[in-house]
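A short worksheet on the structure shown next.
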Amino acid sequence: MSEKLNEKLKKCFESLSEKIDFNPHVAIVLGSGLGALADEIEQAYVVPYEEIEEFPRSTVQGHKGRFVFGYIGKTPVVIMQGRVHFYEGYSMDDVVLPVRLMRLMGAKVLLLTNASGSVNIDFEPGDFMLISDQIANFVPCPLIGENLDEFGPRFPDMSNIYDRDLRNMIRETANNLDIRLREGVYIQLSGPNYESPAEVRMCRLLGADVVGMSTCCEAIAANHAGFKICGISCVSNLGCGIIEQPLDHQEVMKKMQSVAPKFKELITNIVINIGAEGFYKK
Ligand code: HPA
């Protein structure tokens with residue numbers, strides 16, 4: 001991360017701080033088709049990305065592109081309603097800038113969500129998967145370049161990216177709600193094309209359970225910046241080749257919308273428990 005990037009980040013932070021006075025404990029990134037959750041919380045401030053000086057903007061259908069600050073239960077949260085993706089043409093620095101910005105705002109726990117395709121033949125569309133680990137090597141690492149030591153070390157450890165204690169709590173939360181929760185490895189490919197059947201087989205051979213076009217790079221930058229991280233993936237479809245039918249973005253979005261109420265219940269309870277168990281203090 002270069003000095004130039006650091007300056008950009010500080011500018012975004014100053015621009016945002018002029019508009020709001022809020023200290024989020026938990027940061028949440030909502031994936032494709034899952035944005036409705038942010039409309040239903042007790043909102044304190046809403047800041048569209050375009051109102052933040054130098055902030056990268058999302059161009060994807062189904063992504064709203066704004067920060068929502070507010071409360072879930074008693075927990076102060078910042079929600080990214082729409083993320084920026086590498087396939088949109090942004091640099092990796094820009095893709096992970098929002099995550100670093102939310103860290104600067106004071107958030108300590110990061111909850112990442114996404115839509116994914118399953119490469120695990122036992123999973124079904126509509127399943128939720130707790131991310132236990134990730135494979136990020138098919139996209140450039142967001143930490144390439146000069147390291148800014150105030151953010152994190154040059155060679156950060158990645159042995160516990162998705163925090164073990166958070167995962168235990170999430171498993172228990174889902175169980176109490178009677179929501180079936182799969183668990184497994186998320187692999188990020190660049191997209192924007194969906195995978196070929198051979199690529200789906202490759203992902204499975206490499207040890208992945210689901211494949212998507214986001215999340216891993218954010219998790220690396222967040223881990224570097226000292227966030228405690230957890231992730232929930234919503235399986236919108238089975239990977240190409242597992243089923244014969246061609247993949248279609250509209251169908252993916254439709255599936256995500258159909259699981260949105262259950263997703264909201266799960267996420268709401270996870271965030272309440274993060275607050276109740278004081279994860280951002282640990
Ligand atoms: N592949 C990659 N990303 C995705 C998929 C998929 O099948 N479904 C939703 N996001």
Side-chain angles (χ1 to χ4, degrees), residues 28-37 58-65 80-90 92 95-96 111-140 142 162 180-220 231-260 262-264 266-267:
I28 304 168
V29 182
L30 294 177
S32 304
L34 300 171
L37 175 73
S58 171
T59 59
V60 188
Q61 236 182 321
H63 284 252
K64 254 188 178 158
M80 279 187 77
Q81 205 175 20
R83 50 158 58 95
V84 282
H85 297 84
F86 186 56
Y87 63 73
E88 291 176 80
Y90 296 107
M92 260 305 168
V95 171
V96 302
L111 170 51
L112 293 166
T113 71
N114 58 51
S116 63
S118 176
V119 303
N120 182 327
I121 55 170
D122 293 331
F123 289 3
E124 290 167 23
D127 275 348
F128 298 139
M129 189 194 86
L130 176 61
I131 304 176
S132 59
D133 204 350
Q134 67 178 32
I135 300 171
N137 313 75
F138 289 85
V139 291
Y162 298 92
R180 181 170 73 175
L181 190 62
R182 310 288 201 164
E183 189 160 350
V185 174
Y186 179 98
I187 186 169
Q188 178 177 3
L189 302 189
S190 74
N193 57 293
Y194 292 113
E195 300 69 39
S196 69
E199 286 162 345
V200 166
R201 286 197 300 277
M202 174 195 75
C203 292
R204 192 182 309 127
L205 271 171
L206 289 177
D209 294 286
V210 298
V211 56
M213 307 174 192
S214 66
T215 303
C216 296
C217 52
E218 295 159 349
I220 288 176
I232 306 281
S233 188
C234 298
V235 176
S236 57
N237 57 277
L238 300 180
C240 240
I242 299 179
I243 43 153
E244 291 308 315
Q245 213 180 320
L247 287 180
D248 172 68
H249 181 63
Q250 297 308 328
E251 289 298 317
V252 165
M253 295 299 289
K254 239 200 248 167
K255 188 73 209 173
M256 296 306 286
Q257 268 140 28
S258 77
V259 302
K262 206 159 78 165
F263 173 79
K264 185 196 162 199
L266 179 61
I267 297 300

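Atoms within each ligand, like the ligands themselves, are counted from 1 in listed order.
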Next on the checklist: Counting non-hydrogen protein atoms only, what is the nearest one to atom 5 (C) of ligand 1? Give residue, atom name and distance.
Outcome noted: G117 N, 3.3 Å
Checklist outcome for this item: In short, C217 meets V96 closest at the heavy-atom pair O-CG1, 3.6 Å
Checklist entry - Counting distance only, does the side-chain N/O of E199 pair as donor-acceptor with the main-chain N or O of S196 below 3.5 Å? => result yes
Checklist outcome for this item: Atoms of ligand 1 under 4.0 Å from any heavy atom of N237, numbered from 1 in the order shown, are 5 (C), 6 (C), 7 (O), 8 (N), 9 (C)
Checklist outcome for this item: For L247, the atoms of ligand 1 under 4.0 Å from one of its heavy atoms are 7 (O)
Checklist entry - Distance-only, no hydrogens or angles: does the E88 side chain make a donor-acceptor pair with backbone N or O of H85 under 3.5 Å? => result yes
Item to check | Per-residue contact class, S32 against ligand 1 - non-hydrogen pairs under 4.0 Å | outcome: neither
Checklist entry - Can an N or O of E195 be found at a distance shorter than 3.5 Å from an N or O of ligand 1? => result yes
Item to check | Contact summary for S116 and Y186, nearest pair of heavy atoms | outcome: CB-CE1, 4.2 Å
Checklist entry - Can a donor-acceptor pair be found between the side chains of N114 and S233 at a distance below 3.5 Å? => result yes
Next on the checklist: Please list the nearest protein heavy atom to atom 3 (N) of ligand 1 with its residue and the distance rounded to 0.1 Å.
Outcome noted: G212 CA, 3.4 Å
Next on the checklist: Closer than 4.0 Å to some heavy atom of S236 - which atoms of ligand 1 meet that?
Outcome noted: 8 (N), 9 (C)
Checklist outcome for this item: For M213, the ligand 1 atoms with a heavy-atom partner under 4.0 Å come out as 2 (C), 3 (N)
Next on the checklist: Quick test of your reading of the model: are R180 and D127 salt-bridged, counting only N-O distances below 4.0 Å?
Outcome noted: yes
Item to check | ligand 1 atoms in contact with A115 (distance to a heavy atom under 4.0 Å) | outcome: 9 (C), 10 (N)
Next on the checklist: Could you check whether any side-chain N or O of Q134 sits under 3.5 Å from a backbone N or O of C216, counting only pairs where one atom can act as donor and the other as acceptor?
Outcome noted: yes
